[in-house]
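Right, one structure below, let's go through it.
Keep in mind that what you see is a predicted model, and the values were worked out from it rather than measured. Values below: every heavy atom of this structure, side chains too, minus hydrogens, waters and symmetry copies. Just so you know, ligand 1 is whichever comes first in the structure, and atom 1 is the first atom listed for that ligand. Quick note: residue numbers are just sequence positions, from 1.
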Amino acid sequence: MSQYVWGYLREYEDERDDILAAVDGVFRSGKLVLGPSVAAFEEEFAARHGVGHGVGVDNGTNALVLALRALGVRPGDEVITVSNTAAPTVVAIDLVGATPVFVDVHEDDYLMDVAQVEAAITERTTCLLPVHLYGQCVDMAPLRELSEKYGIPILEDCAQAHDARHHGEIAGSMGQAAAFSFYPTKVLGAYGDGGAVITPSAEIAADLRRLRYYGMRDVYHVVQTPGHNSRLDEVQAEILRRKLRRLDGYVARRQAIAARYAEALADTDLVLPKVAEGNTHVYYVHVVRHPRRDAILEKLKEHDVFLNISYPWPVHRQQGFLRLGWAEGSLPVTERLAGEIFSLPMYPSLSEAEQDKFIDILRDVLATT
Ligand SMILES: *Cc1c(COP(=O)(O)O)cnc(C)c1O
């Protein structure tokens, strides 16, 4: 069984009454799409981020697509981001017809190397898209300086960083818009697909509301193209409202699991996650690094332990994106990392006994590989 299945099934057993009450309430309400639960969730989610507006959408990829469109990114434009990310970050840029322009990542925290961004800006750059990868934030101060200097908006990809903090600010509150995914494994996950965009701008929010609804101003009038159908449904919104109230607890569990790994693995040659200065990490994934990664993963399989890699193939070297022309070696840190990183089990319902058992196996494998 995959970690994903365990994680969600245990949570469901713990929270079943609340989840079923949410579903039943929506089914009995007579309103299944864009009703009161979506509106309430949007308000509560935006408020948690201290940002004026929230717009629920159908998934994180479309949150990025609609946000890019609402920020004015048009076909032929360039969007600066990283290749060490989940593919959908780049898929979204591609979907709006813009060209992803990659900068490399830091060797120590695996996040966007913001010092490389200025050199990547051209007259066609219309958006900076930092990815708060694995659960901690990109160094935002220098990025915001560039954003102001060149008048280019920032869209934060927060799909892995619900509730992450950066010098006291919360992920999603530091740009012109932020996109979230509520895919079930995420730090705040729905029971199906879901996503949201938050933004301080009433104008961008109004744009997003039209874009997710065929480009319509009201039921009869298309005022914007291309429109989408990218609505968040009531059931997922109501479940998310309830889970949002438990988000502190989910994050605390993830941090406690990370602290136990840090203690139990400190004396091994595994490179543990480095939390950048000013960051509070929420550990969507617990990424570690080792030069003999593949041998370690093979050995672990003999113990029935199957670990994930986030991500084994950098996006710029994937078949579908080779047409962008990023040669092997063009992003050396990203490419090196891809061969050395892997993820330790991390989900709130992982018990201490299970974690201890896993740690024993891992220590054994590390000592003999
Ligand atoms: C999950 C994820 C997305 C896409 O979200 P979906 O809801 O799966 O479409 C985008 N960016 C990052 C960094 C992600 O981890």
Within the side chain of Gln176, is there an N or O that forms a donor-acceptor pair under 3.5 Å with the backbone of Pro153? no

Please test Arg317 against Trp326 for side-chain contact (heavy atoms from CB on, under 4.5 Å), starting from the C-alpha separation and ending with a verdict. CA-CA 7 Å; Arg317 296 300 301 154; Trp326 291 75; 5.7 Å; no

One pair per line, please: each N/O atom of ligand 1 matched with every protein N/O atom under 3.5 Å away, atom names first, then the distance to 0.1 Å.
residue: ligand 1; atom: 5 (O); partner: Ser181; partner atom: OG; Å: 3.2
residue: ligand 1; atom: 7 (O); partner: Gly60; partner atom: N; Å: 2.7
residue: ligand 1; atom: 7 (O); partner: Ser181; partner atom: OG; Å: 2.6
residue: ligand 1; atom: 9 (O); partner: Gly60; partner atom: N; Å: 3.3
residue: ligand 1; atom: 9 (O); partner: Thr61; partner atom: N; Å: 2.8
residue: ligand 1; atom: 9 (O); partner: Thr61; partner atom: OG1; Å: 2.6
residue: ligand 1; atom: 11 (N); partner: Asp157; partner atom: OD1; Å: 3.3
residue: ligand 1; atom: 11 (N); partner: Asp157; partner atom: OD2; Å: 2.9
residue: ligand 1; atom: 15 (O); partner: Gln160; partner atom: NE2; Å: 2.8
residue: ligand 1; atom: 15 (O); partner: Lys186; partner atom: NZ; Å: 2.7

Distance-only polar pair, side chains of Asp269 and His290, donor-acceptor under 3.5 Å: yes

Yes or no on salt bridge (charged side-chain N to carboxylate O under 4.0 Å, His left out) for Glu44 and Arg241, after CA distance, side-chain angles and deciding distance? CA-CA 8 Å; Glu44 290 157 8; Arg241 289 186 72 197; 2.7 Å; yes

Give me each pair satisfying ring pair (Phe, Tyr, Trp, His ring centres under 6.0 Å) with a member in residues 32-78, each pair once, sequence neighbours excluded. Phe41-Phe45, Phe41-Phe182, Phe45-His49, Phe45-Phe180, Phe45-Phe182, His49-Phe180

Nearest heavy-atom contact between Val105 and Val333 is O-CG1, 3.4 Å

